[in-house]
Amino acid sequence: MDYRMLERIIGRGGGTDTLFGAAVAALEDVTSGRRALSAVHHPLGFFCLPVLRDGDQGVCVHVFEPGASDPVELTTSPMHCHSWELTSFVLYGEVGNLRIGVRRDPAEPTHRVFQVHSNPSGVDEIRPTSRLVRCEPGPEQTSARGQVYRLPAGAFHSTVVPSGSAAATLVLGRSLPRHTDLSLGPVDGTGHRVVRQTCDAAQTARTARSALRRIHGHHPE
């Protein structure tokens with residue numbers, strides 16, 4: 001798995017066979033045991049398989065699997081922004097991104113901005129800030145199999161997958177300095193910790209196998 005190669009392929013446009021192939025190879029390494037990693041069941045409703053970490057760059061496969069297990073409790077809201085640039089290639093299904101307009105409104109706020117600080121031990125520190133804001137839904141972009149969508153660091157959005165539907169994406173991320181992961185939460189919300197739900201080897205392998213079946217079903221070799 002080579003971040004720069006994948007970035008170049010996406011930047012040129014086309015090259016979908018190579019992108020599908022990279023995702024399939026990574027998932028097959030997981031199912032065979034050649035790649036030792038643990039999927040994380042994210043509070044936003046997907047399984048994250050971190051297939052590459054290289055300094056400020058990373059590649060993950062995000063798998064939205066309806067009914068796979070009990071949902072993880074979300075303690076803020078689905079509206080968030082990243083400290084990293086996101087480029088995502090849809091492997092199957094449809095993934096929508098609803099952009100969120102956020103403006104300061106200390107008089108009549110709808111949300112408070114929270115910082116999310118993740119540490120290697122698997123704990124997220126959710127810290128309230130003094131920023132009281134009002135948010136409004138913006139345009140929604142829906143991307144289907146073989147399409148790419150991008151989100152700049154700091155752009156508030158909410159990811160939408162149709163209820164009961166499966167989807168997966170190959171995600172490239174590049175962290176940027178002076179950016180922080182943020183989430184919109186209750187105005188009166190307080191600081192707290194969230195322990196990320198790490199999957200065991202069996203659940204990780206099942207998630208990878210399910211994604212492979214769906215990729216091959218829509219994109220036969």
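Keep in mind the model is a prediction, meaning the values are calculated, not measured.
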*Between the side chains of His111 and Ser77, is a donor N or O closer than 3.5 angstrom to an acceptor N or O?*
no
*Might you work through the side-chain contact (heavy atoms from CB on, under 4.5 Å) test for Thr129 and Gln115, ending with a clear yes or no?*
CA-CA 7 Å; Thr129 72; Gln115 293 183 345; 3.7 Å; yes
*For Arg34, enumerate each residue passing the side chain to side chain donor-acceptor pair (under 3.5 Å) test, keeping only those at least two apart in sequence or located in another chain.*
Asp29, Ser32
*Identify the heavy atoms of Thr142 and Glu140 that sit nearest to each other, and give their distance.*
OG1-OE2, 3.7 Å
*Kindly indicate, with the supporting measurements, whether the criterion ring-ring contact (aromatic ring centres under 6.0 Å, His included) is fulfilled by His179 and His82.*
CA-CA 8 Å; His179 282 76; His82 302 293; over 10 Å; no
*Taking 4.0 angstrom as the limit, do Glu28 and Arg35 come out as a salt bridge?*
no
_Taking every non-hydrogen atom, the tightest pair across Arg134 and Asp105_ = NE-OD2, 3.2 Å
*Quick one: do Val187 and Phe114 end up in the same hydrophobic cluster if we chain Ile, Leu, Val, Met, Phe, Trp and Tyr together by side-chain heavy atoms under 4.5 Å apart?*
no
_Donor-acceptor contact present, side-chain His216 to main-chain Arg214, <3.5 Å_ = no
*Answer yes if Val160 and Val148 sit in the same cluster of Ile, Leu, Val, Met, Phe, Trp and Tyr residues linked by side chain heavy atoms under 4.5 Å apart, and no otherwise.*
no
*Does Thr87 use its side chain to pair, donor to acceptor, with the backbone of Arg150 at less than 3.5 Å?*
no
_Basic-acidic side-chain contact under 4.0 Å: Arg99, Glu136_ = no
*With the side chain counted from C-beta on, respond yes when Ser143 and Gln141 share a heavy-atom pair under 4.5 Å apart, and no when they do not.*
yes
*Hey, could you give me the OG1/CZ distance between Thr16 and Arg145, rounded to the nearest 0.5 Å?*
8.5 Å
*asked:* Within the structure provided, determine whether Ile10 and Leu19 are in side-chain contact (heavy-atom separation under 4.5 Å).
replied: yes
*asked:* Walk me through whether Leu91 and Phe20 qualify under side-chain contact (heavy atoms from CB on, under 4.5 Å).
replied: CA-CA 7 Å; Leu91 298 167; Phe20 278 113; 3.9 Å; yes
*Indicate if Leu184 and Val194 have the same hydrophobic cluster label, given that clusters are the connected sets of ILVMFWY residues with side-chain heavy-atom separations under 4.5 angstrom.*
no
*Nearest 0.5 Å, what's the CZ-CD distance between Arg174 and Gln57?*
4.5 Å
*Going by heavy atoms in the side chains, are Val161 and Phe46 under 4.5 Å from each other?*
no
_Hphob cluster co-occupancy, Val24 + Leu6, side-chain heavy atoms under 4.5 angstrom_ = yes
*How far apart are the closest heavy atoms of Pro128 and Arg112, and which atoms are they?*
CB-CD, 3.8 Å
*Measure across Val63 and Ala211 and return the closest heavy-atom pair with its distance rounded to 0.1 Å.*
CG2-CB, 4.1 Å
*Kindly give the heavy-atom pair with the smallest separation between Ala39 and Thr204, and that separation in Å.*
N-OG1, 3.0 Å
*Between Leu151 and Glu85, does a side-chain contact (heavy atoms from CB on, under 4.5 Å) hold up when you go through it step by step?*
CA-CA 6 Å; Leu151 286 168; Glu85 298 173 326; over 6 Å; no
*Can you tell me if Ser210 and Glu65 form a side-chain donor-acceptor pair at under 3.5 Å?*
yes
*Could you check if a side-chain atom of Glu125 sits within less than 4.5 angstrom of a side-chain atom of Val116, using non-hydrogen atoms only?*
no
*Minimum side-chain heavy-atom gap Ser38-Cys199 below 4.5 Å*: no
*What pair of heavy atoms forms the shortest contact from His41 to Phe47, and how long is it?*
CG-CE2, 3.7 Å
*Check the pair Phe156 / Leu98 against side-chain contact (heavy atoms from CB on, under 4.5 Å), numbers first and verdict last.*
CA-CA 9 Å; Phe156 278 98; Leu98 177 65; over 6 Å; no
*Electrostatic pair Asp124-Arg196, nearest N-O below 4.0 angstrom*: yes
*CZ of Arg53: more than 12 outside heavy atoms within 6.0 angstrom?*
yes
_Atom pair OG (Ser88) and CG (Asn97), whose distance is rounded to the nearest 0.5 Å_ = 8.0 Å
_From CD1 (Ile126) to OG (Ser118), nearest 0.5 Å_ = 7.0 Å
*Can you measure from CZ (Arg12) to OG1 (Thr18) and round to the nearest 0.5 angstrom?*
8.5 Å
*His42/His62 aromatic ring centres below 6.0 Å*: no
*Determine whether Leu44 and His80 make a side-chain contact, defined as any pair of heavy atoms from C-beta on separated by less than 4.5 Å.*
yes
*Centroid-to-centroid, Phe89 to Tyr149, below 6.0 Å?*
no
*asked:* Given 3.5 Å as the limit, does a donor-acceptor pair link the side chain of Ser183 with the main chain of Thr76, or not?
replied: no
